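Before any comments, here is the structure.
Proteins come first, then strands; the chains are lettered A, B, ... in the order of their sequence lines, and each starts at number 1. Keep in mind the model is a prediction, meaning the values are calculated, not measured.
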Protein chains: 2
Amino acid sequence: MDERQAQSAFAALSQGTRLRIVRMLVKAGPEGMAAGAVAAEAEVSSSNVSFHLKELEHAGMIAARREARSIIYSADYDTLRDLIEFLMKDCCAGHPEICTPALAKSCCAPAPATTKRKRAYA
Amino acid sequence: MDERQAQSAFAALSQGTRLRIVRMLVKAGPEGMAAGAVAAEAEVSSSNVSFHLKELEHAGMIAARREARSIIYSADYDTLRDLIEFLMKDCCAGHPEICTPALAKSCCAPAPATTKRKRAYA
DNA sequence: TCCATAATTCAATGATTCTTGAATTATAGG
DNA sequence: CCTATAATTCAAGAATCATTGAATTATGGA
């Protein structure tokens, strides 16, 4: 991920509705959510959700697929991961020790095999 | 870091000049850079750099201190780290396995075994 | 085919945000 | 005190972004 892509990703996440949508889709997992469901949960109009979904798609944060009459959106984990890496590279540039605590505190430790969706982080 | 702070951080980083300034200051380290030096390296006017530095400061991405006639700006590593953590929490929410590669590929890998853990940037 | 549903597109408006240059504040040196 | 330097503030205009509602496209079922 280059600076231009990162900037585009940051812009996508810098808007309240869009940030909520991304978090929503990340939690929804690979199955994703229909545009209408996103609009309902985010409490915005359908045209407005379309606008924001398009922005997010253009920034590579989410992907779309058609399923019958619905269009299903899902988080693009690769881009999120790349964005994290971009920040880490920046943060660590010449100063790796500063960034390390982020790893220690991160929730990415081996997942406990749970059946129910529950808070994986504290 | 809550959603509101994260949004503010993303907004700060979503502007080309500001993103370059942050990267510049991260590389500059704790000593930081004077506003004028930032303006010169970013190739923008002094009033414009002031505007962007203020935005970054307001978002908690950088800190300012006066030194004689200059004002020295330096990256706020804590906020950067918090932002990475915020993204990781989001990315991992319910799907830890997806995020893990970011750790493996990160530059923050095994800190060289220094004799003791000390805060290099106080 | 006709209708209902799901979603997007479009144009207009409103709201933020960026940039610019002139005026202002703060500091140091002669 | 006067001048030069470093930086910020301010107001105006330009540019970008967000929201709204009406019109449009696409799909599936009766």
Side-chain angles (χ1 to χ4, degrees), chain A residues 3-25 28 31-76, chain B residues 3-25 28 31-76:
Chain A
E3 190 163 297
R4 204 203 124 288
Q5 291 174 295
Q7 191 185 315
S8 163
F10 289 135
L13 298 174
S14 73
Q15 206 279 336
T17 302
R18 285 198 294 266
L19 182 52
R20 266 182 294 136
I21 290 175
V22 168
R23 302 190 80 185
M24 195 183 293
L25 290 179
E31 291 136 48
M33 288 171 71
V38 174
E41 197 163 321
E43 294 178 302
V44 296
S45 72
S46 61
S47 75
N48 191 243
V49 91
S50 261
F51 170 77
H52 288 305
L53 287 170
K54 195 159 207 216
E55 295 277 305
L56 287 169
E57 193 182 6
H58 189 254
M61 310 300 295
I62 64 176
R65 66 176 192 274
R66 181 174 273 282
E67 219 162 82
R69 269 178 294 192
S70 295
I71 304 221
I72 310 292
Y73 287 91
S74 52
D76 185 320
Chain B
E3 191 162 296
R4 204 205 126 287
Q5 290 174 296
Q7 192 184 314
S8 165
F10 289 135
L13 298 174
S14 73
Q15 208 279 335
T17 302
R18 286 198 294 266
L19 183 51
R20 266 184 294 137
I21 291 175
V22 168
R23 302 190 79 185
M24 195 182 295
L25 291 179
E31 290 137 48
M33 289 171 73
V38 174
E41 196 163 323
E43 294 178 301
V44 295
S45 72
S46 60
S47 75
N48 191 244
V49 91
S50 260
F51 170 78
H52 288 305
L53 287 170
K54 197 158 204 219
E55 295 276 305
L56 287 169
E57 193 182 6
H58 190 254
M61 309 301 294
I62 64 176
R65 67 178 192 273
R66 179 174 275 281
E67 220 162 81
R69 268 179 294 193
S70 295
I71 305 222
I72 311 290
Y73 287 91
S74 52
D76 185 321

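Within the structure, the salt bridge (Lys or Arg N to Asp or Glu O under 4.0 Å) test picks out the following pairs touching residues 56-66 of chain B (sequence neighbours left out): R65(B)-E67(B).
Expressed to the nearest 0.5 Å, how far CG of L25(B) lies from CD of E41(B) amounts to 9.0 Å. Distance check, rounded to the nearest 0.5 Å: CD1 of I62(B) to NZ of K54(B) gives 12.0 Å. In this structure, the separation between CG on L19(A) and CZ on F10(B) is 6.0 Å, given to the nearest 0.5 Å. Atoms CD and CD, on Q7(A) and Q5(A) in that order, are 11.5 Å from each other to the nearest 0.5 Å. For the atom pair CD1 of I21(A) and CG of L53(A), the computed distance is 5.0 Å after rounding to the nearest 0.5 Å.
Looking at heavy atoms from C-beta onward, M61(A) lies in side-chain contact with L13(A) at the 4.5 angstrom threshold.
Both E55(A) and A34(B) sit near DNA chain D, but only A34(B) has its closest nucleotide nearer the 5' end.
Under the side chain to side chain contact (heavy atoms under 4.5 Å, CB included) criterion, A63(A) pairs with S74(A), not counting sequence neighbours. Taking S8(A) as the reference, A59(A) meet the side chain to side chain contact (heavy atoms under 4.5 Å, CB included) condition, with sequence neighbours excluded. In terms of the side chain to side chain donor-acceptor pair (under 3.5 Å) criterion, residue partners of E3(A) (sequence neighbours excluded) are, by chain and number, R23(B). The side chain to side chain contact (heavy atoms under 4.5 Å, CB included) test applied to A11(B) returns S14(A), not counting sequence neighbours.
Here the shortest heavy-atom pairing between A42(A) and R20(A) reads O-NH1, 3.2 Å.
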- Query: Once each nucleotide of nucleotides 25-30 of chain C is scored for protein heavy atoms under 4.0 Å, what B/S/- sequence comes out, 5' to 3'?
  - Reply: -SBS--

Interface polar pairs with nucleotides 8-12 of chain C, N/O, under 3.5 angstrom:
| residue | atom | partner | partner atom | Å |
| --- | --- | --- | --- | --- |
| dT8(C) | OP1 | Y73(A) | OH | 2.3 |
| dT8(C) | OP2 | S50(A) | OG | 2.2 |
| dT8(C) | O5' | S50(A) | OG | 3.0 |
| dT9(C) | OP2 | K54(A) | NZ | 3.3 |

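Put simply, H52(A) has a side-chain N or O that comes within less than 4.0 Å of OP1 or OP2 on dT19(D).
Rounded to 10 degrees, the angle between the two end axes of the helix from dT1(C)-dA30(D) to dG30(C)-dC1(D) is 20°, with five pairs used at each end.
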Solution key, residues 45-52 of chain A side-chain donor-acceptor pairs under 3.5 Å, sequence neighbours excluded:
| residue | atom | partner | partner atom | Å |
| --- | --- | --- | --- | --- |
| S45(A) | OG | N48(A) | N | 3.1 |
| H52(A) | ND1 | R18(A) | NH1 | 3.1 |

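Here the P atom of nucleotide dC18(C) and the CG atom of L19(B) are 13 Å apart, to the nearest Å. Atom CZ in R65(A) sits about 17 Å away from atom C1' in dT27(D), given to the nearest Å.
Contacts of residues 8-18 of chain A with DNA chain C (heavy atom under 4.0 Å): none.
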